[in-house]
Student: 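Below is a structure I'd like to ask you about.
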Amino acid sequence: MFFSRFGLMDGSNMVANCMLLFHDYCLVLMATILTYVIFMFFICYKSRGFSVTTLQGSNFLEMVWTIIPMFFLLSLGLPSFMMMYYLEGESKGDLTYKVIGHQWYWSYENNDFIDYSFDSYMLPLEEMNVGDNRLLEVDNGLTLPYGSLNRMVITSTDVLHAWALPSMCLKVDAVPGRLNTLSLFSLSPGTFYGQCSEICGINHSFMPIKVEFIGWNDFLKSLFN
Ligand SMILES: [Cu+2]
């Protein structure tokens, strides 16, 4: 329990796990480069016989220290762009939800099958049941089918908010007058929590996000009931 708090939350879908792997890779790469630079610095500093003049005019060496960092940069840039475009570049999803931030609650709109919208307020302490998560439960959570690509369109009506689901490595700003998109995908059923992640006023800490993934059959039943 203690050591698990050093890292980020476990990823709950494919792209979240890719991002966590990429994060670890970046840290390892940076630590390796830093160690190497410090090590070389001490070698140069300590040894009197070693001088940079012996390295001047070496075409081979110049090629090596240009090409090797280029591969390091490519190994950082390519996966980063791939994940970024995967997360926000999707123009067509199975379902499209509009997420609107308000001071201080979220509301959701959808009209893929029927037109409906609802507000999602935090559940106060008095209304909670044993086992509920304090500051994370809501009265109306968002319910989505798992195994389908959900396109989230995020905006705000008053000030900046941010819609975030840490276990899916998602976080996007809700900006008044602007639509930001996200792809939300889960391979398994489950409940995921998040919180508003942009300081938006006095009740900033009290506008949680709850997303529940259920099967398509249950989802359609819940829509038409
Ligand atoms: Cu907010």
Side-chain angles (χ1 to χ4, degrees), residues 5 7-13 15-16 19-20 23 80 83-91 93 95-112 115-129 131-146 148-186 190-214 219 222-223:
R5 288 179 186 179
L8 297 168
M9 195 183 265
D10 283 345
S12 60
N13 62 8
V15 68
M19 282 167 94
L20 294 176
H23 168 262
S80 155
M83 282 180 285
M84 199 174 78
Y85 282 115
Y86 178 80
L87 277 179
E88 57 183 49
E90 210 62 54
S91 60
L95 292 171
T96 303
Y97 276 85
K98 190 173 178 194
V99 182
I100 306 154
H102 304 264
Q103 274 176 324
W104 290 272
Y105 61 96
W106 294 99
S107 59
Y108 300 92
E109 286 176 9
N110 172 274
N111 62 356
D112 282 313
D115 226 338
Y116 75 104
S117 64
F118 57 94
D119 298 337
S120 177
Y121 283 89
M122 189 189 75
L123 217 57
L125 208 55
E126 310 82 63
E127 291 176 28
M128 282 171 85
N129 296 315
D132 278 357
N133 297 299
R134 193 176 73 94
L135 301 184
L136 289 177
E137 297 298 338
V138 295
D139 56 353
N140 289 312
L142 180 62
T143 307
L144 295 172
Y146 72 90
S148 68
L149 188 64
N150 306 295
R151 193 163 63 120
M152 314 304 284
V153 181
I154 291 136
T155 187
S156 165
T157 48
D158 34 45
V159 297
L160 291 179
H161 299 272
W163 199 81
L165 279 181
S167 68
M168 301 206 170
C169 293
L170 295 180
K171 182 178 287 177
V172 80
D173 278 356
V175 185
R178 204 191 132 96
L179 298 173
N180 285 326
T181 55
L182 270 188
S183 301
L184 183 56
F185 182 81
S186 176
T191 308
F192 304 98
Y193 295 95
Q195 286 172 310
C196 177
S197 303
E198 179 79 54
I199 303 258
C200 58
I202 191 163
N203 285 340
H204 162 66
S205 342
F206 308 115
M207 45 183 297
I209 295 144
K210 180 182 180 183
V211 183
E212 192 182 357
F213 285 94
I214 56 176
F219 175 72
S222 73
L223 269 191

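Indexing begins at 1, ligand by ligand and atom by atom, following the structure's order.
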Student: At the Cu ion (ligand 1), what angle lies between atom SD of M207 and atom SG of C196, rounded to 10 degrees?
Tutor: 110°

Student: Take the angle between the ring planes of Y105 and Y121 and call it parallel below 30°, perpendicular above 60°, tilted in between.
Tutor: parallel

Student: Is the Cu ion (ligand 1) under 2.8 Å from any N, O or S atom of H204?
Tutor: no

Student: How wide is the angle at the Cu ion (ligand 1) between SG in C200 and ND1 in H161, to the nearest 10°?
Tutor: 100°

Student: Restricting to non-hydrogen atoms, name the atom on L87 and the atom on L170 that form the minimum distance, rounded to 0.1 Å.
Tutor: CD2-CD2, 3.3 Å

Student: Which heavy atom in S167 sits nearest to a heavy atom in A16, and how many Å separate them?
Tutor: O-CB, 3.6 Å

Student: Which pair of heavy atoms, one from P208 and one from E137, lies closest together, and at what distance?
Tutor: CG-O, 3.9 Å

